[in-house]
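Side chains included, hydrogens not; waters and symmetry mates left out as well; all remaining heavy atoms used.
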Amino acid sequence: LRKILKDRIGLDSDALGKLVFSFDRKSLLNNNLEYFVDDIFGNDYFDSVSTKKIVERFTGLMRNEGRKSVIASKYNYILTVAAKWLSNSRYL
């Protein structure tokens, strides 16, 4: 990947040093909440009353500010990634 970036756009990762890729998970989830919640509930593995209660609680917490909001967004993100993987895995 580093070689491709260097060859195509002239990005020298050796000169920049190591960088961490990060993004605002909470904003991503809040701005696309309906899409992510539909993914979770559209999955047969998560189609239950208890999962719905948990996601609704996390979704409510995410709308606030503070530590609980950050933790809730992490859990919703984990559920979304798991739902995507379970839906698209050819090994299951």
Side-chain angles (χ1 to χ4, degrees):
L1 181 61
R2 290 180 186 182
K3 183 176 179 346
I4 293 170
L5 290 172
K6 189 172 185 175
D7 292 345
R8 294 204 180 164
I9 62 172
L11 180 67
D12 187 6
S13 61
D14 294 330
L16 288 174
K18 290 188 178 185
L19 300 173
V20 176
F21 174 76
S22 64
F23 63 97
D24 186 5
R25 175 181 39 245
K26 184 179 171 192
S27 292
L28 176 71
L29 286 169
N30 280 332
N31 293 335
N32 301 289
L33 194 58
E34 186 177 324
Y35 171 78
F36 290 118
V37 170
D38 287 347
D39 270 348
I40 293 169
F41 294 131
N43 189 306
D44 293 337
Y45 294 96
F46 294 122
D47 190 22
S48 72
V49 174
S50 59
T51 303
K52 186 173 183 173
K53 286 181 184 178
I54 290 169
V55 170
E56 286 174 353
R57 185 175 350 149
F58 288 155
T59 301
L61 288 170
M62 281 174 36
R63 291 191 179 109
N64 301 324
E65 293 298 322
R67 190 170 190 277
K68 287 183 180 180
S69 175
V70 172
I71 292 169
S73 69
K74 286 180 183 180
Y75 286 135
N76 263 352
Y77 182 74
I78 290 168
L79 281 172
T80 301
V81 170
K84 282 286 194 191
W85 184 81
L86 289 167
S87 295
N88 296 301
S89 177
R90 62 181 178 191
Y91 301 108
L92 297 177

Q: Under the side chain to side chain contact (heavy atoms under 4.5 Å, CB included) rule, collect the residues that match up with Asn31, sequence neighbours excluded.
A: Ser27
Q. Roughly how far apart are Tyr77 OH and Leu28 CG, rounded to 0.5 Å?
A. 7.5 Å
**Q.** Separation between CD1 of Ile54 and CD1 of Ile40, rounded to the nearest 0.5 Å
**A.** 10.5 Å
Q) Could you give the distance from OG (Ser87) to CG (Asp44), rounded to the nearest 0.5 Å? A) 8.0 Å
(Q) Please enumerate all residues that pass side chain to side chain contact (heavy atoms under 4.5 Å, CB included) together with Ile71, with sequence neighbours excluded. (A) Arg67, Tyr75
Q: Could you walk me through whether Arg57 and Lys53 pass side-chain contact (heavy atoms from CB on, under 4.5 Å), step by step?
A: CA-CA 6 Å; Arg57 185 175 350 149; Lys53 286 181 184 178; 5.6 Å; no
Q | Within one Ile-Leu-Val-Met-Phe-Trp-Tyr cluster: Leu29 and Tyr35, side-chain cutoff 4.5 Å | A | yes
Q.
How long is the straight-line distance from NZ of Lys6 back to CD1 of Ile4, given to the nearest 0.5 Å?
A. 14.0 Å
Q | Which residues share a side chain to side chain contact (heavy atoms under 4.5 Å, CB included) with Leu86, sequence neighbours left out | A | Asn43, Tyr45, Phe46, Leu92
Q. Are Phe36 and Val55 grouped together when hydrophobic residues (ILVMFWY) are joined by side-chain heavy atoms under 4.5 angstrom apart?
A. yes
Q) Who pairs with Glu65 by salt bridge (Lys or Arg N to Asp or Glu O under 4.0 Å), at least two apart in sequence or on another chain? A) Lys26
Q. Which residues satisfy the salt bridge (Lys or Arg N to Asp or Glu O under 4.0 Å) test with Lys3, sequence neighbours excluded?
A. Asp7
Q) What about Leu79 and Val70, same hydrophobic cluster or not, with Ile/Leu/Val/Met/Phe/Trp/Tyr joined at side-chain heavy-atom distances under 4.5 Å? A) no
Q: Please answer: with hydrophobic residues joined when any side-chain heavy atoms are less than 4.5 Å apart, are Val37 and Met62 in the same cluster?
A: yes
Q | Reported OG-to-CZ distance for the pair Ser48 and Phe41, which is rounded to 0.5 angstrom | A | 8.5 Å
Q: Return each pair, listed once, that meets salt bridge (charged side-chain N to carboxylate O under 4.0 Å, His left out) where at least one residue sits in residues 79-92; pairs must be two or more places apart or across chains.
A: Asp39-Lys84
